[in-house]
Number of protein chains: 2
Amino acid sequence: MSQKLRQHIEEIVKITDEEFEYVLSHFTYRKFLMNQYVIQERDYVKYDYFVLNGLLKSWQLDEKGKPHIVLFATENWWISDPQAFYNQTKATLNIDCLEDSETLYISLDNREKLCTEMRKMEYFFRKKTTSGYVASQKRILSLISFNAKERYDYFTQQYPDLLQRVPKTLIASYLGITRETLSRLTSQ
Amino acid sequence: MSQKLRQHIEEIVKITDEEFEYVLSHFTYRKFLMNQYVIQERDYVKYDYFVLNGLLKSWQLDEKGKPHIVLFATENWWISDPQAFYNQTKATLNIDCLEDSETLYISLDNREKLCTEMRKMEYFFRKKTTSGYVASQKRILSLISFNAKERYDYFTQQYPDLLQRVPKTLIASYLGITRETLSRLTSQ
DNA sequence: CAATAACCGTGATTTTTATCACGCTCATTT
DNA sequence: AAATGAGCGTGATAAAAATCACGGTTATTG
């Protein structure tokens with residue numbers, strides 16, 4: 001099971017068995033059930049979660065009480081409240097499970113420790129953060145330059161598997177449109 | 001002038017005079033004129049630019065020929081096409097100057113070299129990338145949960161100085177609305 | 001100094017999207 | 001087996017934003 005983390009790391013840097021054992025010793029395994037919360041608004045955010053399997057979402061309520069999806073995380077994704085995690089402050093995001101999910105989580109201290117002790121892991125995390133940044137720049141561009149239909153098409157192209165696993169209402173929330181508008185887009 | 005870079009770095013890590021001299025030796029100074037291009041779509045992106053003064057924008061044309069602003073960069077900001085810079089591929093963004101601008105730029109190799117040789121600089125760049133990521137997550141949330149007026153108010157609150165320096169047309173493009181809609185928002 | 005272009009406001013209209021309302025299906029619970 | 005609720009589609013209407021069009025101001029340029 002934890003081999004998934006190794007494969008994930010080795011997409012970026014090659015490591016030995018011993019190195020991986022050492023890396024893994026900085027993570028803790030935890031299983032969450034469907035609908036269970038991983039992080040709640042106002043919690044201190046101690047960990048970054050690597051998803052072994054399952055499906056989670058991070059989201060925020062607006063002042064009118066509407067939820068907005070920041071991210072869906074499936075197998076091989078990382079999920080947390082980055083702002084709160086890196087600054088070790090309270091969450092403004094919520095994270096909960098759309099499916100039963102298994103995770104390996106790591107504290108900021110352990111992450112910094114790995115970065116300090118292993119240049120490869122420092123490189124790995126740096127690459128991950130960078131690609132997360134690049135991905136969010138792309139999402140920003142899609143939000144400012146695409147209309148509802150174009151954003152939906154872009155989503156289906158990027159995450160075809162999520163279409164089956166995530167209720168349309170939540171996809172609409174991720175896209176910044178209402179479920180009714182999304183329904184009309186897909187029924188035509 | 002290059003003291004600005006030092007101050008910027010020292011907001012995150014303290015460095016000695018010698019260390020700063022060494023860091024600085026990895027950067028090159030370049031001045032750009034108003035309307036001059038720093039990066040053009042399809043260029044290879046060799047550098048990340050630290051802005052000493054002036055004002056630049058990064059943007060992309062959509063298929064209808066409309067420009068969309070990804071970022072405005074003033075004093076103490078970094079600007080590049082991150083995707084192309086980190087992967088050393090061709091730009092999909094354009095970067096040009098709204099004002100005469102002075103920059104210190106660094107190549108990816110030199111950046112990696114500094115990260116390898118100086119843990120402090122590795123930490124500095126990691127922090128920078130992280131805070132860029134956090135900032136773009138916030139912008140995503142503002143785009144999916146705010147209407148035009150709310151996005152404009154959020155912009156004025158975040159970047160009050162840019163209101164004076166950037167034409168309204170470009171602010172509208174950054175917000176993902178038309179200049180006419182923005183004009184009506186501000187005249188009421 | 002006239003000509004030009006950038007920038008901005010605003011009216012009229014159209015298009016897009018949100019809101020409100022209702023009903024259907026399907027799975028889960030009692 | 002009936003009851004409940006989540007998920008989804010869809011009609012009618014309202015609201016938000018885009019589009020098209022025009023004019024006015026200001027700065028720049030030939």
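Note that these values count all heavy atoms, side chains included, but never hydrogens, waters or copies made by symmetry. Letters A, B, ... are given to chains in the order of the sequence lines, protein chains preceding strands, and every chain is numbered from 1.
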Problem - Touch class at under 4.0 angstrom, heavy-atom based, for T178(B) against every strand present - result: base

Problem - Side-chain donor/acceptor of E180(B) to base of dC8(C), under 3.5 Å - result: no

Practice task
For residues F27(A) and F50(A), establish whether the separation of their ring centroids is below 6.0 Å.
Solution key: no

Practice task
Assess whether one donor atom and one acceptor atom, taken from the side chain of R179(B) and the base of dG9(C), lie less than 3.5 Å apart.
Solution key: yes

Problem - First encountered from the 5' end of DNA chain D, between L170(A) and R151(B) - result: L170(A)

Handout entry: Closest approach of R179(A) to T169(A) (non-hydrogen atoms, all atoms of both residues)
Key = CD-OG1, 3.9 Å

Exercise for the section: Decide, yes or no, whether a salt bridge links D109(A) with K46(A) under the criterion of side-chain N to carboxylate O below 4.0 Å. Expected result: no

Problem - Note: R165(B)-E75(B) ion pair, threshold 4.0 Å (strictly below) - result: no

Exercise for the section: Have a look at S183(A) and say if it touches a base, only the backbone sugar-phosphate, or nothing, with a 4.0 Å heavy-atom cut-off. Expected result: base

Exercise for the section: Give the angle between the helix axes at the two ends of the helix from dC1(C)-dG30(D) to dT30(C)-dA1(D), taking five base pairs at each end and rounding to 10°. Expected result: 30°

Exercise for the section: Taking ring-ring contact (aromatic ring centres under 6.0 Å, His included) as the test, write out the residues that go with Y44(A), two or more places apart. Expected result: none

Fill in the blank from the handout: To the nearest angstrom, the CD-P distance between E150(A) and dT16(C) comes to 11 Å

Under 3.5 Å, which protein N or O atoms sit close to an N or O of nucleotides 25-27 of chain C? Give each pair with its distance.
none

Problem - Ring centre gap for F72(B) and Y174(B) strictly below 6.0 Å - result: yes

